[in-house]
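Okay, structure first, notes after.
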Amino acid sequence: MNLYKRSFLKLLDFSPEEIRYLVDLSAELKDKKKRGIPHDELRGKNVALIFEKTSTRTRCSFEVAASDLGMGSTYLDPSGSQIGKKESIKDTARVLGRMYDGIEYRGYGQKIVEQLAQYSGVPVWNGLTNEFHPTQMIADMLTIREKKGDFSGLRLVYMGDARYNMGNSLMVVCAKLGMHYVACTHKDYFPEAELVETCRKIAAETGGSVELCDDVAAGCKDADVIYTDVWVSMGEPDSVWEERIKKLSPYQVNAAAFSYAKPDAIFMHCLPAFHDLDTTIGKEIHEKFGLTEMEVTDEIFEGPMSVVFDEAENRMHSIKAVMYATLKEGA
Ligand code: CP
Ligand code: NVA
């Protein structure tokens, strides 16, 4: 397996073997970290972390992982650089490529991260775009494997906006790894037909499947994993809340949804999550629409089926694996 110098932009670019390798490597690096075995094998290298959208997990994961690997890192916040405003992505890529060994990008269109990779000459890692969130997928697959032993044959049900980064990425990774993916949501939030077609072709080769379903009982039946994400993503206007609440409320992950799933089904969420009124946005939505919980109830989020904090921790181990595999010759 050789991922040296490869960019990590979306999982469609990677074979099932390469994805499994990254999950294995994440587990190996997690074990080293837990046992206090140093793994600072990338000493002397530096990475740039561009965030055009905010972050807690992804930013902290890249910074801690870079430090554990012996690398320096520079964080460019959503307002603290010339990117896009005074300098094109093509020019930025050529500047950063002269100073850094790798570049993380979180922001808007997938085209931006593709362009960074094309012009920088160094590995570029997608830390979330509107279309995909691939580093989250390696963490999620590590989490699923830790809880379930393997991924093949499992039924993963995604409830919510299945046309966006999380739904798209989960559909791709499930197809690649022979899992059964179900987008259980309002028809308006079904994924784009072309990507569904692509994933179905992949699934036909791996033994997986892709299903679109707007009935909660049928969709969640025998689920091994029920997954959700915020109803309104970063960068979307506040004006979409009303429609999302109306159309996605029936697809809230709650005890009723779990009653159809397998008894040992787990709950996953990339986080951040609106499961109580302890956030500013949660309070605003409560005042405006009367909701106390949104995509997931507090009961499920805090329940024994919830693995969300293991999942969050695994972001760091898997981001470390992605950087290590693409920056270390002979990794
Ligand atoms: N899941 C995730 O990407 O979290 P952040 O937005 O905090 O990075
Ligand atoms: N769909 C969410 C994912 C956050 C990790 C967003 O893009 O805001």
Side-chain angles (χ1 to χ4, degrees), residues 136 140 143-144 147-148 151 153-171 173-174 179-191 196 208-233 240-279 281-312:
Q136 178 79 49
D140 290 350
T143 311
I144 289 175
K147 306 295 172 192
K148 300 277 169 201
F151 352 88
L154 296 184
R155 181 173 170 90
L156 185 149
V157 180
Y158 179 82
M159 299 173 87
D161 183 357
R163 315 157 306 171
Y164 220 69
N165 42 28
M166 285 304 304
N168 287 344
S169 302
L170 286 164
M171 182 164 68
V173 79
C174 287
M179 295 169 67
H180 303 293
Y181 176 78
V182 185
C184 179
T185 188
H186 190 283
K187 284 192 168 71
D188 288 359
Y189 298 102
F190 278 175
V196 173
S209 63
V210 173
E211 188 184 326
L212 311 182
C213 168
D214 65 357
D215 181 79
V216 175
C220 293
K221 189 171 165 10
D222 295 332
D224 296 287
V225 180
I226 300 185
Y227 203 121
T228 190
D229 179 21
V230 289
W231 289 339
V232 176
S233 287
V240 302
W241 271 111
E242 192 169 349
E243 191 179 350
R244 294 289 161 83
I245 288 171
K246 201 168 103 209
K247 292 186 173 158
L248 294 178
S249 287
Y251 302 94
Q252 180 190 60
V253 178
N254 51 30
F258 260 86
S259 72
Y260 306 112
K262 287 194 183 146
D264 62 348
I266 56 172
F267 169 68
M268 297 182 75
H269 191 310
C270 54
L271 306 184
F274 293 120
H275 59 96
D276 57 24
L277 295 179
D278 292 346
T279 63
I281 294 179
K283 280 195 193 87
E284 278 169 19
I285 297 297
H286 174 62
E287 277 157 29
K288 225 169 152 189
F289 302 100
L291 273 70
T292 53
E293 308 157 313
M294 285 192 258
E295 71 273 11
V296 57
T297 59
D298 200 49
E299 183 191 2
I300 297 294
F301 186 90
E302 299 291 357
M305 65 287 273
S306 177
V307 301
V308 297
F309 296 107
D310 293 321
E311 190 183 355

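Side chains included, hydrogens not; waters and symmetry mates left out as well; all remaining heavy atoms used.
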Q: Mind jotting down which residue pairs meet the salt bridge (charged side-chain N to carboxylate O under 4.0 Å, His left out) criterion with at least one end in residues 297-311? Sequence neighbours excluded, please.
A: K147-D310
**Q.** More than 12 heavy atoms of other groups within 6.0 Å of K247 NZ
**A.** yes
Q: Taking only Lys NZ, Arg NE, NH1 and NH2, and the carboxylate oxygens of Asp or Glu, determine whether K262 and D264 approach each other closer than 4.0 Å.
A: no
Q: Kindly write out the residues that satisfy side chain to side chain donor-acceptor pair (under 3.5 Å) with S233, not counting sequence neighbours, or none if the list is empty.
A: none
Q) Can you check whether L156 reaches I144 side chain to side chain, under 4.5 Å on heavy atoms? A) yes
Q. With side chains defined as the heavy atoms from C-beta onward, is the minimum distance between Y227 and M159 less than 4.5 Å?
A. no
(Q) Ignoring hydrogens, what is the shortest heavy-atom contact between H180 and S209? Give both atom names and the distance. (A) ND1-OG, 2.7 Å
Q: Please round to the nearest 0.5 Å and tell me the distance separating atom CD of Q136 and atom CG of N165.
A: 9.5 Å
Q | Any donor-acceptor N/O pair, Y158 side chain to T185 backbone, under 3.5 Å | A | no
**Q.** E295 and its side chain to side chain donor-acceptor pair (under 3.5 Å) partner, picked from R244, H269, Q252
**A.** H269
**Q.** Beyond-backbone contact of V230 with M294, side-chain heavy atoms, under 4.5 angstrom
**A.** no
Q.
Could you walk me through whether H186 and D214 satisfy the side-chain contact (heavy atoms from CB on, under 4.5 Å) test, starting with their C-alpha distance in whole Å, then the side-chain angles of each, then the deciding distance to 0.1 Å, before giving a yes or no?
A. CA-CA 5 Å; H186 190 283; D214 65 357; over 6 Å; no
Q) Tell me, do V307 and F267 make a side-chain contact under 4.5 Å, heavy atoms counted? A) no
Q) Under 4.5 Å between any side-chain heavy atoms of K187 and L212, yes or no? A) no
Q.
Could you report the tightest heavy-atom contact between G219 and C184, atom names first, then the distance?
A. CA-SG, 4.2 Å
Q) Do any N or O atoms from the side chain of H286 and from the backbone of L291 form a donor-acceptor pair under 3.5 angstrom? A) yes
Q) Should the pair E211-R155 be classified as a salt bridge under the 4.0 Å nitrogen-to-oxygen rule? A) yes
Q. Should we count NZ of K283 as having more than 12 external heavy atoms under 6.0 Å?
A. yes
Q | Approximate separation, where rounding is to 0.5 Å, of D224 CG and L154 CG | A | 4.5 Å
Q | Heavy-atom pair with the smallest gap, counting every atom of A162 and N168 | A | O-OD1, 3.8 Å
Q) Taking it one step at a time, do L277 and T292 satisfy side-chain contact (heavy atoms from CB on, under 4.5 Å)? A) CA-CA 6 Å; L277 295 179; T292 53; 4.2 Å; yes
(Q) Restricting to non-hydrogen atoms, name the atom on S306 and the atom on F301 that form the minimum distance, rounded to 0.1 Å. (A) OG-O, 2.8 Å
